[in-house]
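Here is how names work: the chains are called A, B, and so on, in the same order as the sequence lines, proteins then strands, and each is numbered from 1.
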2 protein chains.
Amino acid sequence: MSERRRSPVEPESIEPHMCSLDLRLEIIGKLPFFEGLPPAEIERINQSFREIGYQPGETIFFTGDPAVRLYVVASGKVKLMRHTFTGQDILVDILTPGDVFGSLSTLGDETYPNTAQAQTMVCALAINAEDFRRILATYPTVALKVLDMTSARLNEAQEMVRRLSAHSVEQRIAYTLLKLAEKLGEPQDVGLLIQMPLSREDLAGMTGTTTATASRVISQLQRDGLINSGRQWVAITDVEALREIAEGVGAH
Amino acid sequence: MSERRRSPVEPESIEPHMCSLDLRLEIIGKLPFFEGLPPAEIERINQSFREIGYQPGETIFFTGDPAVRLYVVASGKVKLMRHTFTGQDILVDILTPGDVFGSLSTLGDETYPNTAQAQTMVCALAINAEDFRRILATYPTVALKVLDMTSARLNEAQEMVRRLSAHSVEQRIAYTLLKLAEKLGEPQDVGLLIQMPLSREDLAGMTGTTTATASRVISQLQRDGLINSGRQWVAITDVEALREIAEGVGAH
DNA sequence: CGCTGCCTTGATCTTCTTCAAAACGTGTGG
DNA sequence: CCACACGTTTTGAAGAAGATCAAGGCAGCG
């Protein structure tokens with residue numbers, strides 16, 4: 001413990017070309033829901049998008065802003081949050097390349113329900129909400145894929161509700177770490193590293209607890225040898241044991 | 001308090017015709033997402049559906065069952081739940097006529113993530129998941145409406161996550177009652193009545209607490225004159241005051 | 001009537017929050 | 001390379017909120 005390494009999370013910052021015009025077609029073509037579309041169509045769809053780059057920590061939009069655009073993560077990580085009146089931020093979701101956010105239902109709310117913030121260097125593709133609707137109406141395949149993604153996220157959110165309701169903080173943190181590792185995990189010498197800057201505060205926001213408690217739990221898990229962690233990063237060393245905690249195998 | 005009335009919630013049971021062939025077209029035509037479709041198309045779509053009736057308490061499908069069908073609530077109320085290993089049930093959502101449930105994303109999970117149970121007498125329209133996909137692919141308007149509904153529910157679920165994380169039990173219960181009243185409220189002499197059988201256990205499941213605590217909070221709210229309640233029913237008498245509690249205006 | 005579920009209420013105990021202070025890591029500028 | 005300063009993390013002690021366990025009350029129904 002004497003010589004703790006620096007954060008093993010790679011900066012992911014020195015890649016300016018990621019948001020360049022050159023690669024837009026490739027990025028858009030690789031998006032899960034445009035997959036399989038003929039190149040000519042992708043070319044046309046491409047016209048409607050414009051790319052925007054964000055610095056880590058930069059806010060893409062705030063809760064309550066008029067919901068005019070829909071975004072797609074092209075590269076980097078975006079966190080979706082909700083504010084509480086007490087000033088605390090709840091981390092609702094973490095988005096990775098291919099994920100959609102912003103204004104999906106033009107008919108419903110006129111404002112964004114969440115705040116979106118760049119967690120790393122981010123390249124996002126933005127499209128006018130109405131234009132996106134037109135695309136969906138034109139290509140039913142795409143609409144079905146977007147629907148799939150949305151209902152998958154609904155499912156995850158409902159699962160989250162269940163876990164917040166019935167599980168202890170330790171279980172929730174264990175589960176959240178596993179979920180994050182599933183999405184962002186990278187095998188490294190420190191363990192299965194969650195490839196993003198992740199503070200105790202973030203973790204607290206995701207599990208509905210405080211930084212102090214999150215810190216205590218993380219320390220305990222580390223003492224037990226299940227994880228490995230430092231400033232702004234966490235790596236899992238014993239996935240199975242962590243899963244047992246998350247599912248509440250011995251305790252409750 | 002000496003002479004407490006019987007449950008003012010209407011049974012909603014003696015309407016067997018609701019699930020008859022005669023009214024199917026009308027019901028399907030009134031579904032939010034088929035609205036505006038030409039009658040001839042509705043007639044065709046109608047062919048793919050079959051109706052199924054359920055008794056109160058009857059289970060429509062369990063978590064983990066193979067997800068082969070998609071359902072639409074035609075009449076009655078359906079509750080969506082998730083089980084926990086401790087045996088506790090979390091009430092994830094309450095569905096009213098027009099709501100879709102069951103297998104939406106045929107690509108994703110092969111099993112239902114939730115358990116669906118009839119809360120009242122229910123008439124549901126069922127359709128093979130693949131057939132429904134075909135309909136969505138054929139009528140983009142419908143697909144967009146379903147997408148809207150789904151993302152609205154996603155939004156609600158995320159809001160629920162926020163509230164579970166940051167609010168007290170009293171606030172959560174107040175909020176849940178308001179939400180239910182919004183969906184199912186009926187002005188009556190006892191107050192704004194939530195038109196469905198709603199036990200303390202249900203309420204506990206929706207707010208992530210125990211029946212004992214839910215009961216305590218309900219009693220307190222009743223003592224303060226904000227609500228009116230009895231066995232399996234709740235009515236709101238002071239919406240504004242309840243909203244203040246839900247939003248946490250004074251307390252935290 | 002008496003049975004079966006709901007609902008209420010009390011006492012105790014655990015978990016988590018809160019508040020606060022100290023230690024640590026990291027980047028900065030000397 | 002060192003020292004400082006800032007943000008993050010750790011840790012402690014006290015307190016509050018809610019869970020748990022359990023007993024009793026009340027309503028509706030056979």
Review point. What about B:R216: does its side chain form a donor-acceptor pair under 3.5 Å with the base of D:dG18?
Key: no
Check your understanding: What do you reckon, are the aromatic ring centroids of A:F61 and A:Y71 less than 6.0 Å apart?
Key -> yes
Practice item. Please state whether the phosphate of C:dT17, meaning OP1 or OP2, lies under 4.0 angstrom from any side-chain nitrogen or oxygen of A:T209. Key: yes
Check your understanding: Which part of the nucleic acid, if any, lies within contact of B:T211, taking any heavy atom under 4.0 Å across all strands shown: a base, the sugar-phosphate backbone alone, or nothing?
Key -> nothing
Check your understanding: Is B:S199 touching bases, backbone alone, or none of the nucleic acid, heavy atoms closer than 4.0 Å?
Key -> sugar-phosphate
Check your understanding: Is atom CD of B:Q232 surrounded by more than 12 heavy atoms (other residues, nucleotides or ligands) closer than 6.0 Å?
Key -> yes
Exercise for review: Take the protein atom CD of A:Q220 and the nucleotide atom P of D:dG12, then report the distance between them rounded to whole Å.
Suggested key: 12 Å
Study note, to complete from the structure: Exactly one of A:L178, A:L221, A:L193 clears side chain to side chain contact (heavy atoms under 4.5 Å, CB included) with A:I236, and that residue is A:L178
**Study point:** Contact check, side chains of B:V239 and B:R243, non-hydrogen atoms, under 4.5 Å
**Key:** yes
Review point. Can you find a heavy atom in the side chain of B:Q158 that is under 4.5 Å from one in the side chain of A:R82?
Key: yes
Practice item. Give the rounded distance in Å between these two atoms: CD1 of B:I173 and C1' of D:dA17. Key: 13 Å
Point to revise | Value in whole Å for how far the P atom of D:dT8 lies from CG of A:L198 | key: 13 Å
**Study point:** Spacing between B:R231 atom CZ and D:dC26 atom P, to the nearest angstrom
**Key:** 12 Å
Practice item. Nearest whole angstrom, please: distance from the P of C:dT17 to the CG of B:L164. Key: 13 Å
Study note, to complete from the structure: Rounded to 10°, the helix from C:dC7-D:dG24 to C:dG30-D:dC1 deviates from straight, judged by its five-pair end axes, by 40°
Exercise for review: Send over the distance from A:E201 CD to D:dC6 C1', rounded to a whole Å.
Suggested key: 15 Å
Review point. Over how many whole Å does the gap from A:W233 atom CH2 to D:dT9 atom C1' extend?
Key: 14 Å
Point to revise | Below 4.0 Å: OP1/OP2 of C:dT8 and any side-chain N or O of B:R200 | key: yes
Point to revise | Under-4.0 Å side-chain N/O to phosphate OP1/OP2 contact, B:S215 with C:dT8 | key: yes
**Study point:** Whole angstrom value for the distance that separates C1' of D:dC26 from CD of B:Q232
**Key:** 14 Å
Check your understanding: So, is A:T213 near the phosphate of C:dC16, with a side-chain N or O under 4.0 Å from OP1 or OP2?
Key -> no
Review point. Between A:R172 and C:dT15, does any side-chain N or O lie under 4.0 Å from OP1 or OP2?
Key: no
Review point. Taking only side-chain nitrogens and oxygens of A:S219, does any of them come within less than 4.0 Å of OP1 or OP2 of D:dT11?
Key: yes
Check your understanding: Is any side-chain heavy atom of A:K77 less than 4.5 Å from a side-chain heavy atom of A:L95?
Key -> no
